[in-house]
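Single-structure report; data block below.
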Amino acid sequence: MTHLRTTIRQTFRDVLESALSPEEYVVVGTRTSKRNRTDESVIDVRFTEIDVSQNSMGDDRTHMGTLMIRVYRSGDEAVIDELLDLDEARVTGAVYNYDWSRLLEDEPELKRISFEREDTTDETVGVLVLQFSVEYRINKLNPNLMRS
């Protein structure tokens, strides 16, 4: 069985893969992935932290996670900001148009947008980071079991 957190991360990845052009985007979803930059935009999906709270006397636990979607975009310096803005609209549209009710307590909530620049290559690479808050419940004795 797969941990519920892994299922959620893979679902985010699958949602983005199906909503975005495969000719333009490569979507990865693992904690350790590294990719060489290509002509496509690379989108990395991963959890960065989880806060856990007890709901009642039982074994249910609420997990409030931060799921980060990082978009790496190479391009001309003059238009990279506009391209990243377009990436933001596409990614958030895909996330908000999916029905998350079978996995999450509420729909994901966009909490932070930040921008970075990658200076390790000769090519201009802009980075868009979208942080979503996601809430789900598991059984503390079995992290594969959702909402007892």
Side-chain angles (χ1 to χ4, degrees), residues 2-55 60-121 123-140 143-148:
T2 303
H3 193 292
L4 182 57
R5 183 176 53 243
T6 299
T7 301
I8 293 167
R9 185 182 72 243
Q10 289 173 341
T11 302
F12 265 87
R13 185 196 65 216
D14 293 346
V15 164
L16 294 173
E17 273 187 337
S18 66
L20 303 173
S21 166
E23 290 81 31
E24 190 172 357
Y25 295 95
V26 174
V27 183
V28 295
T30 176
R31 293 182 199 146
T32 60
S33 66
K34 284 191 174 183
R35 283 275 203 174
N36 291 330
R37 306 299 177 246
T38 65
D39 289 340
E40 301 132 335
S41 294
V42 176
I43 300 177
D44 184 18
V45 179
R46 66 180 71 202
F47 276 97
T48 58
E49 61 190 17
I50 307 289
D51 293 323
V52 179
S53 61
Q54 184 173 354
N55 297 347
D60 279 358
R61 297 295 182 266
T62 298
H63 285 204
M64 183 63 77
T66 300
L67 187 127
M68 179 181 65
I69 299 174
R70 187 180 294 245
V71 180
Y72 296 88
R73 162 76 75 175
S74 60
D76 187 308
E77 182 102 31
V79 297
I80 195 117
D81 286 334
E82 288 83 8
L83 293 172
L84 289 171
D85 289 343
L86 178 60
D87 292 333
E88 178 186 344
R90 289 175 175 169
V91 168
T92 57
V95 169
Y96 286 132
N97 285 318
Y98 184 78
D99 179 8
W100 294 97
S101 61
R102 72 175 185 84
L103 289 175
L104 304 177
E105 296 298 305
D106 292 308
E107 74 175 16
E109 187 64 38
L110 182 61
K111 294 294 186 181
R112 175 174 291 145
I113 302 168
S114 57
F115 305 93
E116 301 170 3
R117 180 184 174 116
E118 181 139 330
D119 293 325
T120 59
T121 67
E123 195 172 4
T124 300
V125 178
V127 183
L128 167 70
V129 182
L130 304 170
Q131 291 182 353
F132 286 88
S133 177
V134 296
E135 182 178 349
Y136 59 97
R137 269 195 296 161
I138 66 167
N139 181 292
K140 75 175 185 177
N144 305 321
L145 184 61
M146 175 179 58
R147 297 186 232 179
S148 64

Y25 side chain near R73 side chain, heavy-atom distance below 4.5 Å: yes
Any side-chain heavy-atom pair of V134 and F47 under 4.5 Å: yes
Spatial distance of atom OG1 (T48) from atom CD (Q131) [nearest 0.5 Å]: 5.5 Å
R5 side chain reached by I50 side chain, heavy atoms, under 4.5 Å: yes
CG on L4 to CG on N139, rounded to 0.5 Å: 11.5 Å
Non-hydrogen side-chain atoms of F12 and I43 separated by less than 4.5 Å: no
Interatomic spacing from CG in L128 to CG in L83 - rounded to 0.5 Å: 11.5 Å
Test salt bridge (charged side-chain N to carboxylate O under 4.0 Å, His left out) applied to E82 - qualifying residues, sequence neighbours left out: none
Side chain to side chain contact (heavy atoms under 4.5 Å, CB included) against R70, all qualifying residues, sequence neighbours excluded: D44, M68, Y72, E116, V127, V129
Gap between atom CG of L130 and atom CZ of R112 - 0.5 Å precision: 12.0 Å
From CD1 (I8) to CZ (R102), nearest 0.5 Å: 9.5 Å
Note, L67 side chain near P108 side chain (heavy atom, < 4.5 Å): no
Gap separating the CD atom of E105 from the OH atom of Y136, nearest 0.5 angstrom: 11.5 Å
Check: L20 and E24 side chains under 4.5 Å, non-hydrogen atoms: no
Heavy-atom closest contact (V71 atom, S41 atom, distance): CG1-CB, 4.4 Å
R137 vs H63 side-chain heavy atoms within contact, under 4.5 Å: no
Please list every donor-acceptor pair under 3.5 Å in which a side-chain atom of residues 91-99 meets a protein atom from a residue at least two apart or in another chain.
{"residue": "T92", "atom": "OG1", "partner": "E88", "partner atom": "O", "Å": "2.8"}
{"residue": "T92", "atom": "OG1", "partner": "A89", "partner atom": "O", "Å": "3.4"}
{"residue": "Y96", "atom": "OH", "partner": "L110", "partner atom": "N", "Å": "3.0"}
{"residue": "N97", "atom": "ND2", "partner": "G93", "partner atom": "O", "Å": "2.7"}
{"residue": "D99", "atom": "OD1", "partner": "S101", "partner atom": "N", "Å": "3.0"}
{"residue": "D99", "atom": "OD1", "partner": "S101", "partner atom": "OG", "Å": "2.7"}
{"residue": "D99", "atom": "OD2", "partner": "S101", "partner atom": "OG", "Å": "3.4"}

